[in-house]
Amino acid sequence: MDDQLALPVGTTLDRFIMRKQEEFAYATGELSQLLRDIALATKIVNREINRAGLLGVPGTYAHQTVRGEEQQKLDMIANIRFIRALRNGGEVCTVISAEDKHLIQTGNTKGKYIVAIDPLDGSSNVDVNVAIGTIFSVYRRVSEAGDDGTLADCLQKGAKQVAAGYIIYGSSTMLVYTTGCGVNGFTYEPSLGEFFLSHPLISTPRQGSIYSCNEGNIDSFPEGVQAYVRHCKAQRYTGRYIGSLVADFHRNLLKGGVYIYPVTSDYPDGKLRLVYECNALAMIVEQAGGKASDGSGRILDKTPTDMHQRTPLIIGSRDMVDKVQEFMAKESANLK
Ligand code: AMP
Ligand code: P6P
C-alpha cells in the first residue's frame, strides 16, 4: 500500500500497472498485459460511444440478448471490441459476456485468466446521453492450461477475483479498478489517448445520505426494504437513481450512499447479474471500505450455479448496507 502512495496523481495507467507488477517478483507480465488490453478496448469503445449519435448507431437490433432486452448496436460493438482485445492479448482463455449466452473460447488455451464482462451496462441510456459503463472481473483458471476454459473456471465465487474494475463513460471517461490492494481511478485524456491516475486509493465514506433504488417498483419491494426507504425519507436523505448501475455506483462510491436492487415482482431473483455485474462492484466496494450484500449474505461469498444468474444487490457505504440488512432482518423476524 505504501508503494501506491508513492505514485502521484498524473501517473499514466501503463506506468501504474508496471509499478504494481514490480511488487510481484514472480509475475510474468500476463496480468499487466491483460489490464492493458482492457484499457485499449476501452479507448476504442469510448470513441464509438462519443460518435454514436452522429453515426445513428444507437438504434436497436430486433433480436434479444440473454437478458431478454433489445440488443443495442453499441452493446454489440463493445462486446466485439473487448473480446477481440482479450483474444489478441493471449492471456485470457475464456470470456463470459453479458452479450453471449455461452462461454466464449478465445483459442488461447495456455492463457491462465478468465474474464467476465458486461461490455456496456445501462446501454439503453445511450439514446438519451446518460452515463453508461463497462464492468469486468478477472479470475485465475482452475483447470489445467492447454485446453479451453471450463464451466468450473467460470463459476468461481467473487472472492476468488484477481482483479475487478469498471469504466464509466460519463462527463469524462474513467477506469476504476482493484487487484486487491486498494482501488484507484484513472481519467482518460482523449487528446493524448492516455489514462492518468486521478483518484488514488479511493475510500468510500462509512455513512452517506444518498439512496439509489427504482421507487417505481417500491410496492413490490420486500417490506424491510420499503421500511428502509421510509427511514431514508425520515432522515431527509437524497434519492438519486440514474438507471445506470455504473453511474449510480460510482457516485455513491465517491460521495457515500447505498444502491439497492432487491427482489421485485418482475425480478423474483433480483435483476442484476452476479457473475458480470455484481461481483466486480462488490470487490471494488469492499476494497474501498464499503459492503455488498444480497440481503442475507456477502455477494463475494456466493458460488454461482449459472453464468447469467441474477441476484438482489445492496451495495455501498458500510453502515448504510448494514442498516438495510437490519430492516430486512426485522421484517423476516416479524414474519416468523
Ligand atoms: P502474472 O504472472 O503476470 O500473471 O502475475 C501473477 C500474479 O501477480 C497476478 O495474478 C497478480 O496477483 C500479481 N500481479 C502481477 N502483475 C500485477 C499488476 N500489474 N498489478 C497487480 N497485481 C499483479
Ligand atoms: P430498472 C440497466 O438495465 C441495469 O442493468 C442497471 O444498469 C440499472 O441500475 C438497472 O438495470 C435499472 O433497472 O428496472 O430500474 O430500469
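The figures here come from the full heavy-atom set of this structure, side chains too, leaving out hydrogens, waters and symmetry mates.
- T311 and K302 form a side-chain donor-acceptor contact under 3.5 Å, judged by distance and modelled atom types alone.
- The heavy-atom pair separating S172 from T187 by the smallest distance is OG-CG2, 4.0 Å.
- No continuous path of ILVMFWY side-chain contacts below 4.5 Å connects V263 to Y241, so the two sit in separate hydrophobic clusters.
- Atoms CG and CD1, on D153 and I96 in that order, are 8.5 Å from each other to the nearest 0.5 Å.
- When side chains are defined from C-beta on, E91 does not count as touching L31, because their heavy atoms never get closer than 4.5 Å.
- Around CZ of R240, the count of heavy atoms belonging to other residues, nucleotides or ligands within 6.0 Å does not exceed 12.
- There is no side-chain donor-acceptor pair under 3.5 Å between N217 and S220.
- For the side chain to side chain contact (heavy atoms under 4.5 Å, CB included) criterion with Y188, the lone passing option out of T42, L175, T173 is T173.
- No chain of hydrophobic side-chain contacts below 4.5 Å, direct or via other Ile, Leu, Val, Met, Phe, Trp or Tyr residues, connects V130 to L245.
- No side-chain donor-acceptor contact under 3.5 Å links N88 and D37.
- Taking both residues in full, the closest heavy atoms of N108 and C93 are given as O-CB, 3.2 Å, listed atom of the first, atom of the second, then distance.
- Counting non-hydrogen atoms of other residues, nucleotides and ligands closer than 6.0 Å to CG of N129 gives a total of 12 or fewer.
- No donor-acceptor contact under 3.5 angstrom links the side chains of N279 and S137, judged on distance only.
- In this model, no donor atom of one side chain and acceptor atom of the other lie less than 3.5 Å apart for T264 and D266.
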Test salt bridge (charged side-chain N to carboxylate O under 4.0 Å, His left out) applied to K157 and D301, step by step: CA-CA 6 Å; K157 62 170 69 167; D301 288 338; 5.1 Å; no

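- Tested against T12, the residues E189, M18, E194 include a single side chain to side chain contact (heavy atoms under 4.5 Å, CB included) partner, E194.
- Within a 6.0 Å sphere centred on NZ of K43, other residues, nucleotides and ligands contribute more than 12 heavy atoms.
- The aromatic ring centres of F186 and F196 sit 6.0 Å or more apart.
- Within a 6.0 Å sphere centred on CD of E144, heavy atoms belonging to other residues, nucleotides or ligands number 12 at most.
- Side chains of D121 and S123: no donor on one and acceptor on the other come within 3.5 Å.
- Counting only N and O atoms by type, the side chains of S209 and Q235 include no donor and acceptor under 3.5 Å apart.
- By the rule that hydrophobic residues join a cluster once side-chain heavy atoms approach within less than 4.5 Å of another member, I284 and L300 end up as members of separate clusters.
- The two residues P119 and D75 come nearest to each other via the heavy atoms CB-O, 4.5 Å.
- Going from atom CD1 of I135 over to atom OH of Y166 covers 10.0 Å, rounded to the nearest 0.5 Å.
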Worked check of side chain to side chain contact (heavy atoms under 4.5 Å, CB included) between F82 and V45: CA-CA 8 Å; F82 279 104; V45 170; 3.7 Å; yes

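- Other residues sharing the hydrophobic cluster of I218, ordered by chain and number and joined by side-chain separations under 4.5 Å: Y211, F221, V225, Y228, V229, Y237, V258, I260, I314, M320, V321, V324, F327, M328.
- Side-chain atoms of N252 and S212 include a donor-acceptor pair closer than 3.5 Å.
- Once rounded to the nearest 0.5 Å, the distance linking CD1 of I80 with CD1 of I44 reads 12.0 Å.
- Open room surrounds CZ on R15; 12 or fewer heavy atoms of other groups in view lie less than 6.0 Å from it.
- With no hydrogens or angles considered, a side-chain donor-acceptor pair links Q105 and T94 at under 3.5 Å.
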CA sep, side-chain torsions, deciding dist, call: E30, K112, salt bridge (charged side-chain N to carboxylate O under 4.0 Å, His left out): CA-CA 8 Å; E30 288 166 87; K112 68 184 181 194; 3.3 Å; yes

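- Between the side chains of S143 and R141, at least one donor N or O sits under 3.5 Å from an acceptor N or O.
- At a threshold of 4.5 Å between side-chain heavy atoms, the hydrophobic network of Ile, Leu, Val, Met, Phe, Trp and Tyr places M283 and L274 in two separate groups.
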